[in-house]
S.K.: 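Okay, here's the structure, questions in a sec.
First listed ligand is number 1; within each ligand, the first listed atom is number 1.
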Amino acid sequence: MVDYSVKGQVALLEVNNPPVNALSTAVRTGLRDGIAKASKDPKVKAIIICGKGQTFPAGADIREFGQPPRAPWLIEVGDSIEASLKPVVAAIHGTCLGGGLEVSLFCHYRIAVKSARVGFPEVNLGLLPGAAGTQRLPRLVGLPVALDMITSGRHVTALDAKKYGILDELVAGDLINAAIKYAMSVVGKPLMERRLRYKQVPGADKAREVCEAAMAQVKRKYKGYEAPVECVRAVRASVDLPYADGIRMESELFKQLNASGQARAQQYAFFAERTVSRWSMPNGSYRTAKALPVKTTAVLGAGTMGTGIAVCLLSAGLPVILLEQNEKLLQNGLRTIKALMEGSVKLGKVPMEVAQKATTLLKPTLNYEDLKDVDLVIEAVFENLKLKREVFGKLDKICKPSALLCSNTSTLDIDLAATSRPDKVAGMHFFAPAYHMRLLENIYGTKTSFMVEEGANPYEIDQIMEDLGMPMGPFKVRDLSGIDIGWRITQEVAKSLGTTITKETKYLGGERYCGIGDDLYEKGRHGRKTGLGFYKYEKKGGKISTPDPDALDIIEAYRQRRGIVKCKISSQEVIERQMYSSINEGFKILEEGICTRPEDIDISWLYGFTFPKYLGGPMFYASRIGLQKVYERICYYHENFPLKQRDCKDLRRRGSSTSGVYTMYPALGVVINSYCDMTTDGGGWTWVFWEVAVDAATRCCWRSPPFFYGYVEVYGYVEVCRLCRGNDNLHLLLSNGESEMRFDMEDFNNNTRYLQYTTFTVGNETSRYLATLSGPSGNVGT
Ligand SMILES: CC/C=C\CC(=O)SCCNC(=O)CCNC(=O)[C@H](O)C(C)(C)COP(=O)(O)OP(=O)(O)OC[C@H]1O[C@@H](n2cnc3c(N)ncnc32)[C@H](O)[C@@H]1OP(=O)(O)O
C-alpha cells in the first residue's frame with residue numbers, strides 16, 4: 001500500500017492504494033513504517049511522500065469510518081513525520097484532500113504541480129478534519145483562510161494554495177524528479193521552524209471577531225448542519241488552547257460528529273451519488289451503453305427554462321441554436337441569456353473566457369430549417385400537449401435521423417410526442433435554475449398548497465422548510481418556476497382526463513384539487529417573472545422576495561368562497577406532510593420500477609431540490625425515522641385529510657411488517673433496514689439483500705451500502721437480522737426466534753468472502769443456512 005524505494009539519497013514513500021490513495025489502515029501503517037525505515041537508513045538524507053497513479057491521498061478511507069477504529073491513528077503517523085530529523089517533503093499532484101492534506105501539513109515542506117488541488121472536504125461528510133487539520137492549517141495560513149476552507153470544504157487550486165502559504169513551491173515537469181531536487185536543497189536546514197505545532201496562529205488578536213463572524217455566517221448559510229458549527233469551534237481552539245489541548249478538543253468534536261446521524265446521512269449521500277451513476281435498465285447498463293456524440297444543440301423556446309437550458313449548454317462549451325416564434329421573444333431570450341451568463345461569471349461559477357466564447361456559440365433563429373444538422377434538440381415550449389406535438393412533428397421532419405429530440409416536460413407523457421423515431425425521443429427535465437442545478441431528472445414534488453388551503457400561511461411553511469435546510473421553501477420555488485406553468489400543467493391534466501377546471505373544482509382525477517394557484521394566475525401573479533406571485537419581488541424577474549398581504553387576501557377570499565374554516569397547522573405537521581408524502585411517492589416510484597434503488601430518489605432530491613444533505617434524502621430520512629412510524633403517519637393524514645397519498649403497497653408491507661428483515665431495532669439505535677429486499681428464486685432459496693447501519697446508541701456506524709454489502713442466502717425463515725456490538729467486536733446475528741447464527745465482522749473487514757453453513761432447528765423443521773457475505777469489492781453470493 002506504500003511503496004518504499006531510495007533514489008540516491010532520498011527515500012520515496014509512494015502511496016499506492018487506487019483509485020484515490022485513501023489513507024486506509026494499511027496505508028497509515030505503510031507510512032509509519034516507511035518513515036521509521038528511512039530515519040534509520042544512514043544513506044537517506046531526505047524523505048518524500050507522494051501518491052502513485054492519479055493523486056496524492058484524497059483523504060481518510062471513508063469506508064472505515066463506521067468500523068471499529070484501528071491503529072495506527074493518522075495523527076500518530078503525522079507526529080512521526082513531523083518529528084523526523086530528516087526533512088520530509090510532500091510532493092502533491094491530483095487532489096490532496098482531508099487526511100491527505102493533514103499528512104502534508106505534518107511534512108516539513110510541500111510542493112505541487114499546478115493542476116493539483118487541496119482542501120478539507122470533511123464538512124461535506126458531516127465531519128471536521130480530525131487529524132490536526134483544524135489546529136495546523138490556522139497556524140500556517142491564519143484564521144480567515146482556514147475557517148473558509150474548513151467550513152466550506154472547497155477545493156483550492158495550487159496557485160491559490162501557494163498564495164495562502166500552504167504550498168512552498170509549484171513545480172513543472174516530472175514531479176518526482178523535481179521533488180528529489182527540492183528535498184536535497186533543504187537538507188541541513190533547521191527543521192524546528194517548519195514544525196507547525198510550534199507556530200502561533202497569525203492574527204490571533206482578532207480571533208474573537210473573526211470566529212464570531214464565521215459562526216454567524218455558517219449558522220445562516222448551512223442551516224441545520226452540525227459540522228460547520230463544530231468546525232468553527234475546533235478552529236477557534238487553535239488560538240484559545242495550547243496545541244495538545246486543541247488536538248484533544250478536535251478529537252472530541254470529531255468523535256461526536258462521527259457518531260451523529262448527520263455524518264452518516266452525508267456519507268451515505270457521497271456514496272449514493274456514485275452508486276446512481278452505475279445505472280442499469282433491462283436493455284443495458286452504464287457498462288454497456290455507448291454515449292452518442294453531441295457536438296451541436298438547439299433549444300426551442302426562450303422562456304425561463306429555455307434560456308436556463310441554453311446557459312447550461314453554453315457553459316459546457318456546446319454551440320446552441322435558440323429558436324423562438326417571433327423576434328420580440330427571441331430578443332428577450334437573448335437578453336436573459338446574456339444577463340445569466342454575466343451573473344454566473346460574477347458568482348465565479350463560469351470562467352470569463354467561457355462566457356466570452358458563449359457569445360460566439362449562441363445562434364438565434366426563427367427558422368426550424370436551421371435545426372436540420374443538430375445532434376440534440378431540447379424543447380422547452382409551453383406545457384401544452386397540442387403545441388408540443390406540433391413542435392415534435394416539425395422537428396421529426398426537419399432534423400437528421402440520428403438527432404435526439406428531447407422534451408423538458410415535467411408532466412406530459414413523452415410517448416405522446418408521436419414521431420417516426422420514438423427511440424430517439426426522450427424526456428430531459430431540467431430543474432430550475434437549469435444552469436445551476438446538477439440534476440436532470442423527473443421526480444415530482446409535494447402537495448404543500450393543501451395545507452395553505454386549510455389555513456397555513458405560505459410564508460410560515462417556507463420558513464419551516466428553510467429552517468430545515470432547504471434553500472427555498474416550496475412557495476418560493478413555485479414563484480421561481482412560474483405559477484402560470486403550474487396553471488398550464490393542471491389545464492392539460494384536466495384536458496387529458498376529459499374535464500375542465502372551474503372555480504368549484506375540488507377533485508381532479510379522484511384527487512383533492514387546490515385552486516389557489518389558479519386565483520393567483522388569474523390576477524396576473526405568475527411568480528418572479530411578473531414581480532408578483534405568492535410573494536412580492538423588488539422588480540419583474542427580481543430575486544428579493546417579501547411577503548405580500550395582497551396574496552394573503554387572495555388566499556383568504558379563496559377559503560371563504562370554498563367555506564373552509566381556517567385552522568392552525570403545527571411546524572411538525574408541516575414537515576411531516578411535506579416529507580411523508582414525498583416518501584410515500586418515493587416508495588411508489590420504486591414499486592412501479594421507475595427507479596430501481598432508493599439512492600436514485602435521494603440523489604434526485606439532493607440535487608434537484610437541494611434537499612439538506614445532513615438528512616441524506618427522503619428515503620434515508622424515512623429509514624431513520626422508522627418505516628412503521630412513517631407509514632402510520634401517512635395513514636393518519638390520509639384518513640384525516642384525503643390528500644393525494646396514493647397507497648404504496650411496498651411501504652405498507654415494509655411499514656406494517658413486524659418480523660423478518662424489516663423489523664426496526666430501536667434498541668440498537670437506528671438501523672437502516674428500509675432497503676432490504678427478499679426474493680425467492682426458482683430453487684426455493686430465499687435471497688435476503690439487506691443494508692444495515694447502526695448508529696448513536698452503539699456509538700458506531702456500521703455501514704449501510706454502498707459502504708458495505710452483505711448478501712445472505714437463507715433457506716428457511718429468518719426473524720431477526722441485526723448487528724450487535726459484543727464485548728470483542730461487532731457481529732451480525734441471524735436468528736429465527738429459536739436459534740441464532742453469528743458472523744464476526746472481522747470477516748467483513750478483510751473484504752474476503754465468507755462462507756458458513758449452519759444448521760438451525762425451527763420448530764420441527766431443520767433448515768440449513770448458507771451465508772455468503774462479501775465486502776465492498778466482493779461480488780454477490782452465488
Ligand atoms: C481522522 C480523520 C481524518 C481525515 C478525515 C478525511 O480525510 S475524510 C475524507 C476526505 N476526503 C474526501 O472527502 C474526498 C472524497 N472524494 C472525492 O471528493 C472524490 O472522490 C475525488 C477524490 C475528488 C475524486 O473524484 P473522481 O470524480 O475522480 O472519482 P470518484 O469520486 O468517482 O471516486 C472514485 C472512487 O473512489 C472512491 N472514493 C473516493 N474518495 C474516497 C475516500 N476518501 N475513501 C474511500 N473511497 C473513496 C469513490 O467512492 C469511488 O469509488 P466507487 O467504488 O467507484 O464508488
S.K.: Polar-atom distance check: F65 versus ligand 1, any N or O pair below 3.5 Å?
M.R.: no
S.K.: Can you check whether A58 has an N/O within less than 3.5 Å of an N/O in ligand 1?
M.R.: yes
S.K.: Is A60 close to ligand 1, meaning an N/O of one under 3.5 Å from an N/O of the other?
M.R.: yes
S.K.: Out of R274, R117, R28, R63, who is nearest to atom 53 (O) of ligand 1 when you count heavy atoms only?
M.R.: R63
S.K.: Which heavy atom of L23 sits nearest a heavy atom of E64, and at what distance?
M.R.: O-OE1, 4.4 Å
S.K.: Which word best sums up how the rings of W605 and F609 line up, parallel for under 30°, tilted for 30 to 60°, or perpendicular for over 60°?
M.R.: tilted
S.K.: Just to confirm, does any protein heavy atom lie below 4.0 Å from atom 44 (N) of ligand 1?
M.R.: yes
S.K.: Is V20 touching ligand 1 with its side chain, its backbone, both, or neither, if touching means heavy atoms under 4.0 Å apart?
M.R.: side chain
S.K.: Is atom 28 (O) of ligand 1 near the protein, in the sense that some protein heavy atom lies at less than 4.0 Å from it?
M.R.: no
S.K.: Could an N or O of ligand 1 be found under 3.5 Å from any N or O of L74, whether backbone or side chain?
M.R.: no
S.K.: Atom 2 (C) of ligand 1: protein heavy atom closer than 4.0 Å?
M.R.: yes
S.K.: Compare every heavy atom of D168 with every heavy atom of Y109, then report the nearest pair and how far apart it is.
M.R.: CA-OD2, 3.4 Å
S.K.: I'd like to know if atom 49 (O) of ligand 1 has any protein heavy atom within a distance of less than 4.0 Å.
M.R.: yes
S.K.: Search all heavy atoms of Q266 against all heavy atoms of Y614 and return the closest pair with its distance.
M.R.: OE1-CB, 3.5 Å
S.K.: For atom CZ of R233, is the number of surrounding heavy atoms from other residues, nucleotides or ligands below 6.0 Å larger than 12?
M.R.: no
S.K.: Does any N or O atom in Q54 lie less than 3.5 angstrom from one in ligand 1, N or O only?
M.R.: no
